[in-house]
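A quick note: this is a predicted structure, and the numbers were derived from the prediction, not measured. FYI, side chains are in, hydrogens and waters are out, and symmetry mates aren't considered; it's all heavy atoms of this structure. The sequence lines fix the lettering, A, B, ..., with proteins before strands; numbering per chain opens at 1.
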Number of protein chains: 2
Amino acid sequence: MRSYGQYCSIARALDVVGDRWTLLIVRELLMRGPCRFTDLKNGLPGIAANLLSGRLKELEDAALISREDAPPPIATTLYSLTENGLALEPVLKALGLWGLQYMAVERPDDAFQAQWLAYAPAWFTTDADPDAPPAVIQLVASGEQAVIEIGEGQVRTRTGRAADPDLVLDGPPRVVLGLLTGMIDISGATQIGLTVSGRPDLLTRLRPIVEDQAAARRT
Amino acid sequence: MRSYGQYCSIARALDVVGDRWTLLIVRELLMRGPCRFTDLKNGLPGIAANLLSGRLKELEDAALISREDAPPPIATTLYSLTENGLALEPVLKALGLWGLQYMAVERPDDAFQAQWLAYAPAWFTTDADPDAPPAVIQLVASGEQAVIEIGEGQVRTRTGRAADPDLVLDGPPRVVLGLLTGMIDISGATQIGLTVSGRPDLLTRLRPIVEDQAAARRT
DNA sequence: CCGGATCCCCAGGGATACTG
DNA sequence: CAGTATCCCTGGGGATCCGG
């Protein structure tokens, strides 16, 4: 990217990560951990291979990612975030929180992946009852699956299935995520396609961080 | 900007504010308040008029800014942030904090403005001694002037001159900002061009938020 | 099949000039 | 002052091809 040529830390940051796709590459590496080229390409539907290749070189030059040749049995190169790349997490959190308002509309050709189902509760909800026993919620949306583990005041998530969840939420991505982020309540959610099985009372433990939504509602 | 087509709040946010110049326009409006077209153009050295015009239309369509015709005596249109535009402040803060590391090098043709001198202490430092009496620091760098007012646990800033500052810092932008954000100490700063007059002890009251710098140093 | 490199085409950005 | 119009050119999107 052409530099903005401004001695301002925001402009400087955008000089480095302001290019198209760049922050989404960081998002992929942040949520999935070390990735192969093809993993990244699959996780970023729509990106051209040459563009991904070029971005990875730029990010490596900027010391945001590092490439390492995996040990013999795997024999592939893995890309992973450096400490400086990891330090972009607050930026992605702030962007993701602000962008929640645009999740109300879901277009039919939107891509959707399990990681994106997982990071929202991990980043944008807290455990409202830290003293309660641990609990596990299974999420299913558009065939993508993720697990929320609540306990000790923490909300952790991962992709995949849980062995014995206390609660299963299944429905369109917009409904599942809308419920978790506090944009829809559970009665509304079941009316527009959510299937609930297990202990719906657990949902009261997940307290959404509704910073800007609350601000918007105040107007 | 072409949509990423992903049902992910980060991608959605970037669909709206990921275009070149867009976040810097928000930065200008956030720091300067309501602006005229020409104010924005002057505050964004290097932007083309047609591009600014186009971005303002897009931002208005996205309800991040609003245009209002100022009352008769002024007879011009003012652009200002809507509440949703103001909600981008955490994004700019996170970006600006992460970008501080790139302020160590200053290129000779970098543009520099008083607002950028002012926001760094306001966003990235805290008052380490809330019970101490109020104090005023005058900043001067490359002819640009800003004022820091510390008091009651708050660090407020504005551009311009103070009537009777307790401390005056004058030097190259890199040195003044490096000192305020904790990247240089005062003895180092005076060696590379900082002029100090008044009470340098006030600097101990400004505690930099050195989140990522501290993390980088730990390695 | 993985990890790219190459090529072509077009939208979007940059610079300048011009107008109400 | 507040934009619009124009031209040029870079950089992104898409497909294909190639070496390991």
Side-chain angles (χ1 to χ4, degrees), chain A residues 1-6 11 14-25 28-29 32 34-62 65-80 109-111, chain B residues 1-6 11 14-26 28-29 32 34-62 65-80 109 111:
Chain A
M1 165 176 277
R2 188 192 175 116
S3 168
Y4 286 109
Q6 301 184 357
L14 291 174
D15 281 346
V16 180
V17 298
D19 267 317
R20 184 160 166 82
W21 290 108
T22 299
L23 279 176
L24 293 186
I25 294 172
E28 274 320 282
L29 289 170
R32 301 166 78 121
C35 283
R36 297 176 301 175
F37 185 90
T38 311
D39 297 330
L40 289 171
K41 184 148 172 43
N42 292 337
L44 297 167
I47 197 171
N50 58 349
L51 197 47
L52 176 56
S53 171
R55 287 286 183 274
L56 290 173
K57 256 190 275 292
E58 294 171 15
L59 286 172
E60 192 185 359
D61 289 344
I65 67 174
S66 65
R67 60 193 305 156
E68 38 182 330
D69 295 329
I74 310 182
T76 184
T77 65
L78 287 178
Y79 297 90
S80 55
D109 54 347
D110 273 341
Chain B
M1 163 176 279
R2 186 190 178 120
S3 169
Y4 286 108
Q6 301 183 358
L14 291 173
D15 280 347
V16 179
V17 298
D19 268 315
R20 185 160 167 81
W21 291 109
T22 299
L23 279 176
L24 293 186
I25 293 172
V26 174
E28 264 338 88
L29 289 169
R32 302 165 76 122
C35 285
R36 298 175 302 176
F37 186 89
T38 310
D39 297 330
L40 288 172
K41 185 150 171 40
N42 293 337
L44 297 166
I47 196 172
N50 59 350
L51 197 45
L52 176 55
S53 170
R55 287 286 183 275
L56 289 172
K57 257 190 274 291
E58 294 171 15
L59 286 171
E60 192 184 0
D61 289 345
I65 68 175
S66 64
R67 60 194 306 158
E68 37 183 330
D69 295 330
I74 310 184
T76 183
T77 66
L78 287 178
Y79 296 90
S80 55
D109 54 346

If I compare all heavy atoms of A/Trp21 with all of B/Tyr4, which pair ends up nearest, and what's the gap? N-OH, 3.0 Å

Outer limits of DNA chain D sitting under 4.0 Å from a non-hydrogen atom of chain B, read 5' to 3', are D/dC1 to D/dG14

Hey, what do you get for CD (B/Glu68) to OG1 (B/Thr76), rounding to the nearest 0.5 Å? 11.0 Å

Distance check, rounded to the nearest 0.5 Å: A/Ser80 atom OG versus A/Ile65 atom CD1? 8.0 Å

What pair of heavy atoms forms the shortest contact from B/Cys35 to B/Leu29, and how long is it? CB-CD2, 3.9 Å

Please list, one pair per line, the donor and acceptor atoms closer than 3.5 Å that link side chains of residues 38-56 of chain B to other protein atoms, with sequence neighbours excluded.
unit_1: B/Asp39; atom_1: OD1; unit_2: B/Arg36; atom_2: NH2; d: 3.4
unit_1: B/Asp39; atom_1: OD2; unit_2: B/Arg36; atom_2: N; d: 3.0
unit_1: B/Asp39; atom_1: OD2; unit_2: B/Arg36; atom_2: NE; d: 3.3
unit_1: B/Lys41; atom_1: NZ; unit_2: B/Ile47; atom_2: O; d: 3.1
unit_1: B/Asn42; atom_1: ND2; unit_2: B/Thr38; atom_2: O; d: 3.2
unit_1: B/Arg55; atom_1: NE; unit_2: B/Arg20; atom_2: O; d: 2.9
unit_1: B/Arg55; atom_1: NE; unit_2: B/Thr22; atom_2: OG1; d: 3.3
unit_1: B/Arg55; atom_1: NH2; unit_2: B/Arg20; atom_2: O; d: 3.2

So, taking the atom named CZ in B/Phe37 and the one named OG1 in B/Thr77, what distance separates them when rounded to the nearest 0.5 Å? 9.0 Å

Nearest heavy-atom contact between A/Gly5 and A/Asp15 is N-OD2, 4.5 Å

Every protein N/O lying under 3.5 Å from an N/O of nucleotides 11-14 of chain C:
unit_1: C/dG13; atom_1: OP1; unit_2: B/Arg55; atom_2: NH2; d: 2.4
unit_1: C/dG13; atom_1: OP2; unit_2: B/Arg55; atom_2: NH2; d: 3.4
unit_1: C/dG14; atom_1: OP1; unit_2: B/Arg20; atom_2: NE; d: 2.7
unit_1: C/dG14; atom_1: OP1; unit_2: B/Arg20; atom_2: NH2; d: 3.2
unit_1: C/dG14; atom_1: OP2; unit_2: B/Trp21; atom_2: NE1; d: 2.9

Mind calculating the distance between CG (A/Leu44) and P (C/dG3) to the nearest angstrom? 14 Å

Measuring from atom CZ of A/Arg2 to atom CG of A/Asp19, what distance do you get when rounded to the nearest 0.5 angstrom? 13.0 Å

